[in-house]
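Below: the structure, in structure tokens.
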Amino acid sequence: MLVPGFWLGAWAWDEVAAELRAAGHDVHAVTPAGQGERAAEAAPGVCVDTHIADIVQVVEGGGLERVVLVAHSGANMAATGAADRIPGRIARIVYVDTGPMPSGMAGIDFHEPEARAELERQVAEEGEGWKIPVPPFTTDAGSDAGSGELAGLTEEQLAVLQERGTPQPFGTATQPLKRPDPLPATPRTLIATTIPLAAVRAMAEQGHPVFAEMTGPGWTYRELPTGHWPMLSRPRDLAALLVEAAAR
């Protein structure tokens, strides 16, 4: 099951899904409420719990078992919460350039104070107080690919992100996730794209509260050097890593 991050719908997984189906896998790409083709469902009350319910409904409503649940970016909160609720149906969680937050933390808590303040300003001034505006998804004039988070994306792909991206309900970034104690022993995989694995391990060793959650028994790791949107910049390579994760 493929869950997109902020501003995107299931469409973002099209190339990856095609590769997975060609490899013989049953694929379900989910669009959470308020995103993508479900943008009309966006409302101030849409939050992490809303998206958890979306994922759980697809799994339980479809009678799915041994699900490999793939979360990109901001989908980490909903995917983690869903896996906590129905651990018996989840074979593995794969985090694509993201990871689980500690219990009681919200997605916005991951931001440094200045970045958090800027995000809150954008929501207040450009998002009617409850929507995160779509990023510009632009590069320097004349470049044929992005850098940093946009690395590997062509100008055509950036244009698609601009055209198809939809504002994100702010509640999905501000609602903390309360996790059970003890946590389910669900196997987890990190596919790191913008942050090298060596940096992830270093921050974990330094006691960073988020990265400390991304080490220990049950974790496996893979690197896919590219930007933050590997389902677009390197879909075949990402699909191959997901096939490998499913085989574990």
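All heavy atoms count here, side chains included; hydrogens, waters and symmetry mates do not.
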Can you find a heavy atom in the side chain of [X] that is under 4.5 Å from one in the side chain of [Y]?
{"X": "Thr80", "Y": "Tyr95", "answer": "yes"}
{"X": "Val3", "Y": "Leu69", "answer": "yes"}
{"X": "Arg234", "Y": "Pro225", "answer": "yes"}
{"X": "Trp229", "Y": "Leu153", "answer": "yes"}
{"X": "Leu158", "Y": "Thr138", "answer": "no"}
{"X": "Phe170", "Y": "Ile108", "answer": "yes"}

Measure across [X] and [Y] and return the closest heavy-atom pair with its distance rounded to 0.1 Å.
{"X": "Ala12", "Y": "Leu232", "answer": "O-CD2, 3.8 Å"}
{"X": "Pro169", "Y": "Ala42", "answer": "CG-CB, 4.4 Å"}
{"X": "Pro184", "Y": "Pro87", "answer": "CB-CB, 3.9 Å"}
{"X": "Gly127", "Y": "Pro133", "answer": "N-CG, 4.5 Å"}
{"X": "Gly34", "Y": "Thr166", "answer": "O-OG1, 4.2 Å"}
{"X": "Pro180", "Y": "Leu183", "answer": "O-CD2, 3.1 Å"}

| Worked check of salt bridge (charged side-chain N to carboxylate O under 4.0 Å, His left out) between Lys178 and Asp84 | CA-CA 10 Å; Lys178 180 65 175 178; Asp84 286 345; over 6 Å; no
Could you check whether any side-chain N or O of [X] sits under 3.5 Å from a backbone N or O of [Y], counting only pairs where one atom can act as donor and the other as acceptor?
{"X": "His72", "Y": "His228", "answer": "yes"}
{"X": "Ser103", "Y": "Arg179", "answer": "yes"}
{"X": "Gln175", "Y": "Asp49", "answer": "yes"}
{"X": "Asn76", "Y": "Gly99", "answer": "yes"}

| request: Taking atom types as modelled, find out whether Glu149 and Thr194 have a side-chain donor-acceptor pair closer than 3.5 angstrom. | output: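 The answer is no; no qualifying pair exists.
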| Do you see a donor-acceptor pair shorter than 3.5 Å between the side chains of Ser233 and Thr226? |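 On atom types as modelled, these side chains qualify, holding a pair under 3.5 Å.
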Can you give the donor-acceptor pairs under 3.5 Å from side chains of residues 208-217 to other protein atoms, not counting sequence neighbours?
unit_1, atom_1, unit_2, atom_2, d
His208, ND1, Val210, N, 3.2
Thr215, OG1, Ala212, O, 3.4

| said: If you count heavy atoms of other groups shown closer than 6.0 angstrom to CD of Glu65, is the number above 12? | reply: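 Counting other residues, nucleotides and ligands, CD of Glu65 exceeds 12 neighbours.
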| task | Check the surroundings of atom CZ in Arg236: do more than 12 heavy atoms from other residues, nucleotides or ligands lie under 6.0 Å from it? | result |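 Counting neighbours around CZ of Arg236, 12 or fewer heavy atoms of other residues, nucleotides or ligands fall under 6.0 Å, so no.
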| message | Exactly one of Val70, Val96, Leu238, Leu241 should register a side-chain contact (heavy atoms from CB on, under 4.5 Å) with Val16. Which one does? | response |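 In the set Val70, Val96, Leu238, Leu241, the residue that makes a side-chain contact (heavy atoms from CB on, under 4.5 Å) with Val16 is Leu238.
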| message | Determine whether Trp219 and Thr189 satisfy the following criterion, side chain to side chain contact (heavy atoms under 4.5 Å, CB included), listing intermediate values before the conclusion. | response | CA-CA 5 Å; Trp219 278 94; Thr189 295; 5.9 Å; no
Salt bridge present between [X] and [Y] (N-O < 4.0 angstrom):
{"X": "Arg222", "Y": "Asp237", "result": "no"}
{"X": "Glu205", "Y": "Arg201", "result": "no"}
{"X": "Arg248", "Y": "Glu244", "result": "yes"}

| message | Could you go through Lys131 and Glu126, starting from their C-alpha distance and side-chain angles, then the distance that decides it, and tell me whether this counts as salt bridge (charged side-chain N to carboxylate O under 4.0 Å, His left out)? | response | CA-CA 8 Å; Lys131 293 178 289 189; Glu126 305 169 34; over 6 Å; no
| request: Begin with the C-alpha distance, continue with both residues' side-chain angles, and end with the deciding distance and a verdict on side chain to side chain contact (heavy atoms under 4.5 Å, CB included) for Gln35 and Trp7. | output: CA-CA 6 Å; Gln35 296 179 219; Trp7 309 293; over 6 Å; no
| Derivation and outcome, side chain to side chain contact (heavy atoms under 4.5 Å, CB included), residues Leu177 and Met101 | CA-CA 8 Å; Leu177 181 64; Met101 299 287 286; 6.0 Å; no
| message | Exactly one of Glu125, Glu118, Glu120 should register a side chain to side chain donor-acceptor pair (under 3.5 Å) with Gln122. Which one does? | response |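 Only one option passes, and that is Glu118.
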Acceptor/donor pairs from residues 50-64 side chains to any protein atom, 3.5 angstrom cut, sequence neighbours excluded:
unit_1, atom_1, unit_2, atom_2, d
Thr50, OG1, Cys47, N, 3.1
His51, NE2, Ala33, O, 2.7
Asp54, OD2, Ala33, N, 2.8

| query | Does Phe6 have any ring-ring contact (aromatic ring centres under 6.0 Å, His included) partners at least two apart in sequence or in another chain, and if so, which? | reply |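 Testing Phe6 for ring-ring contact (aromatic ring centres under 6.0 Å, His included), a comparison that skips the adjacent residues, returns none.
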| Are Val27 and Leu2 close enough, and set up right, to give a side chain to side chain contact (heavy atoms under 4.5 Å, CB included), and what steps lead you there? | CA-CA 8 Å; Val27 181; Leu2 309 172; 3.7 Å; yes
| Quick one: do Ile90 and Val30 end up in the same hydrophobic cluster if we chain Ile, Leu, Val, Met, Phe, Trp and Tyr together by side-chain heavy atoms under 4.5 Å apart? |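 Same cluster: Ile90 reaches Val30 through Ile, Leu, Val, Met, Phe, Trp or Tyr contacts under 4.5 Å.
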